[in-house]
Amino acid sequence: MAQAVRKYSNEFMNIGVDAASLGMANAVTAQSNNVNAGYWNPAGLVQLEDSELALMHASYFANIAQYDYAAFAKPIDDRSAWGISLIRFGVDDILNTTQLIDNQGNIDYNRISLFSTADYGVTFSYARRLPVPGLQYGVNAKVIRRIIGDFASSWGFGLDVGVQFERNGWNFGLMLRDITTTYNIWNINEEKFQEIANAIPGENQELPETTEITLPKAQLGVSKKFTFNYDYSLTAAANLNMRFEQTNDIISTNLVSIDPAIGFEFGYTEMVFLRAGVGNFQNVRQLDGRESVAFQPNIGLGFRYKGIQIDYALTDIGDQSVALYSNIFSLRIDLGIFR
């Protein structure tokens with residue numbers, strides 16, 4: 001069975017969720033402590049006081065791609081919690097022009113059909129406090145489903161492990177993604193493949209690899225919350241996002257590549273929030289051969305009232321990089337308000 005290691009395999013699982021976190025440039029590994037911690041660092045789920053629900057929708061690439069996220073989490077007891085989340089990243093109504101030309105070489109627009117491609121990720125999370133004060137861990141079990149019309153589909157499985165530690169108001173976090181490597185096993189429709197195998201002479205002669213491997217990644221974070229005059233607060237956070245391969249990250253070696261991120265959240269009476277962050281620092285080669293550093297600045301707003309929080313983030317403001325750009329809204333509900 002052929003297999004390949006992809007630098008950006010299952011990359012839809014790395015885009016990020018929750019407009020509050022995205023507004024801080026994803027620098028939340030150390031302090032994530034609500035239902036969205038199932039994505040950012042499952043160890044933070046033990047901070048839940050009651051059941052929570054989260055929803056998010058975003059459009060990317062000029063509304064071509066749709067990104068949807070839903071999550072639920074609840075405490076088991078005062079030392080443990082569990083959660084589940086679903087991510088869908090899809091492009092619908094893609095034109096299939098593989099049959100545009102008939103056997104006589106005539107163009108027939110009636111032969112054009114539509115198909116969709118969609119990536120799904122379901123994550124089951126468990127978190128528990130350890131006997132050491134301030135120390136907790138979490139585990140994610142992920143199921144990946146990817147569908148490309150009638151052409152191909154795959155199943156994938158992987159594990160994440162996260163740890164958080166708090167001491168004297170300082171929060172530290174470590175998130176290890178795909179620690180066992182995540183395998184995607186592809187099933188390719190050979191009949192559909194043969195229809196296009198000879199469309200271009202010398203191209204598409206062999207089936208693609210049927211096993212795809214996602215290498216491990218790590219996020220190391222630190223944060224601290226400062227409170228002023230009881231009503232005002234400022235949370236400062238930083239992340240080091242690491243891939244164990246050579247990429248375009250600003251720090252890149254054969255062993256590891258590192259992309260730093262920093263984020264800030266200013267809060268007023270724990271009701272109104274203003275956020276900013278910068279991350280995704282990449283080395284970019286221009287068309288004229290010059291090299292430069294691109295980065296992604298984000299800003300965001302949030303409002304919380306009686307257990308309901310609505311957040312907004314504008315990502316990649318100023319178009320400083322080639323990163324994803326979108327207006328993102330998310331909703332988080334503490335279900336305890338309905339009791």
Side-chain angles (χ1 to χ4, degrees), residues 17-18 20-21 24-54 71-85 123-141 159-177 179 216-242 260-267 269-271 273 275 277 302 304 307 309 332 334-337 339:
V17 303
D18 176 33
S21 302
M24 296 180 67
N26 305 347
V28 297
T29 302
Q31 76 272 19
S32 186
N33 60 3
N34 54 51
V35 59
N36 298 303
Y39 176 89
W40 295 110
N41 189 337
L45 290 176
V46 298
Q47 303 291 338
L48 288 172
E49 296 181 359
D50 209 320
S51 302
E52 288 190 0
L53 174 70
F72 172 82
K74 67 176 300 183
I76 299 173
D77 50 39
D78 61 353
R79 298 187 62 84
S80 58
W82 70 275
I84 183 172
S85 65
T123 301
F124 303 91
S125 305
Y126 174 79
R128 188 167 181 82
R129 297 183 191 274
L130 291 170
V132 178
L135 182 62
Q136 58 240 11
Y137 75 91
V139 179
N140 285 340
L159 294 174
D160 305 331
V161 173
V163 177
Q164 286 182 337
F165 179 65
E166 187 274 331
R167 177 62 59 87
N168 297 327
W170 287 89
N171 296 287
F172 305 90
L174 175 64
M175 177 64 167
L176 303 175
R177 298 184 182 274
I179 58 170
K217 295 173 286 295
Q219 283 94 44
L220 180 64
V222 60
S223 72
K224 185 173 176 59
K225 184 176 181 179
F226 303 90
T227 302
F228 310 95
N229 298 327
Y230 301 101
D231 289 338
Y232 302 92
S233 66
L234 176 66
T235 299
N239 256 35
L240 294 179
N241 304 309
M242 295 170 279
I262 57 174
F264 300 92
E265 178 186 76
F266 173 79
T269 66
E270 294 297 318
M271 181 180 293
F273 303 91
R275 306 180 182 99
R304 180 192 300 161
Q309 181 165 329
R332 180 165 62 89
D334 183 342
L335 299 179
I337 64 175
R339 301 187 191 283

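Between the side chain of Gln219 and the backbone N or O of Asn241, no donor-acceptor pair lies under 3.5 Å. The closest donor-acceptor contact from the side chain of Arg129 to the backbone of Val46 lies under 3.5 Å. Side-chain N or O atoms of Gln164 include one that pairs as donor or acceptor with a backbone N or O of Ser32 at under 3.5 Å. Formation of a donor-acceptor pair under 3.5 Å by the Asp334 side chain with backbone atoms of Gly336 is found in this model.
Atoms CD and NZ, from Gln31 and Lys224 in turn, are 12.5 Å apart once rounded to the nearest 0.5 Å. Summarising the geometry, atom CD belonging to Glu265 is positioned 9.0 Å from atom OG belonging to Ser21; distances are rounded to the nearest 0.5 Å. From Asn33, atom CG reaches atom CD of Glu49 across 9.5 Å, with rounding to the nearest 0.5 Å. To the nearest 0.5 Å, the span separating CE on Met271 from CG on Asp231 amounts to 10.5 Å. To the nearest 0.5 angstrom, Phe228 atom CZ is 8.5 Å from Ser233 atom OG. Taken to the nearest 0.5 Å, the CZ atom of Phe124 stands 4.0 Å off from the CD1 atom of Ile84.
No side-chain heavy atom of Arg332 sits under 4.5 Å from any side-chain heavy atom of Asp18. Using a 4.5 Å cut-off on side-chain heavy atoms (C-beta onward), Leu53 and Val35 make no contact. Put simply, the side chain of Asn26 reaches to within 4.5 Å of the side chain of Trp40, judged on heavy atoms. The side-chain heavy atoms of Asn140 and Tyr39, taken from C-beta on, include no pair separated by under 4.5 Å. Looking only at side-chain heavy atoms (C-beta outward), Gln47 and Glu166 stay at 4.5 Å or farther from each other.
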I would like to know whether Asn239 and Thr29 meet side-chain hydrogen bond (donor to acceptor under 3.5 Å, both in side chains); could you show each step before the answer?
CA-CA 7 Å; Asn239 256 35; Thr29 302; 2.7 Å; yes

Full working for side chain to side chain contact (heavy atoms under 4.5 Å, CB included) between Trp170 and Val222:
CA-CA 7 Å; Trp170 287 89; Val222 60; 3.9 Å; yes

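In this structure, Tyr232 places its OH atom where only 12 or fewer heavy-atom neighbours from other residues, nucleotides or ligands lie under 6.0 Å away. Heavy atoms from other residues, nucleotides or ligands lying under 6.0 Å from NZ of Lys74 number 12 at most. Residue Tyr230 qualifies as open at atom OH: its count of foreign heavy atoms under 6.0 Å is 12 or below.
Here the closest heavy-atom approach between residue Pro133 and residue Arg167 is recorded as O-NH2, 4.3 Å. What you find for Ala127 and Pro42 is that their closest heavy atoms are CB-O, 3.1 Å. The two residues Gly277 and Ala25 come nearest to each other via the heavy atoms C-CB, 3.6 Å. Residues Gly267 and Phe273 approach most closely at CA-CD2, 3.8 Å, considering heavy atoms. Shown here for Met175 and Asn41, the closest heavy-atom pair between the two residues is SD-CA, 4.0 Å. When all heavy atoms of Met24 and Ala237 are compared, the closest pair comes out as CE-CB, 4.2 Å.
A salt bridge links Glu270 and Lys225; the closest N-O separation between the charged side-chain nitrogens and carboxylate oxygens is under 4.0 Å.
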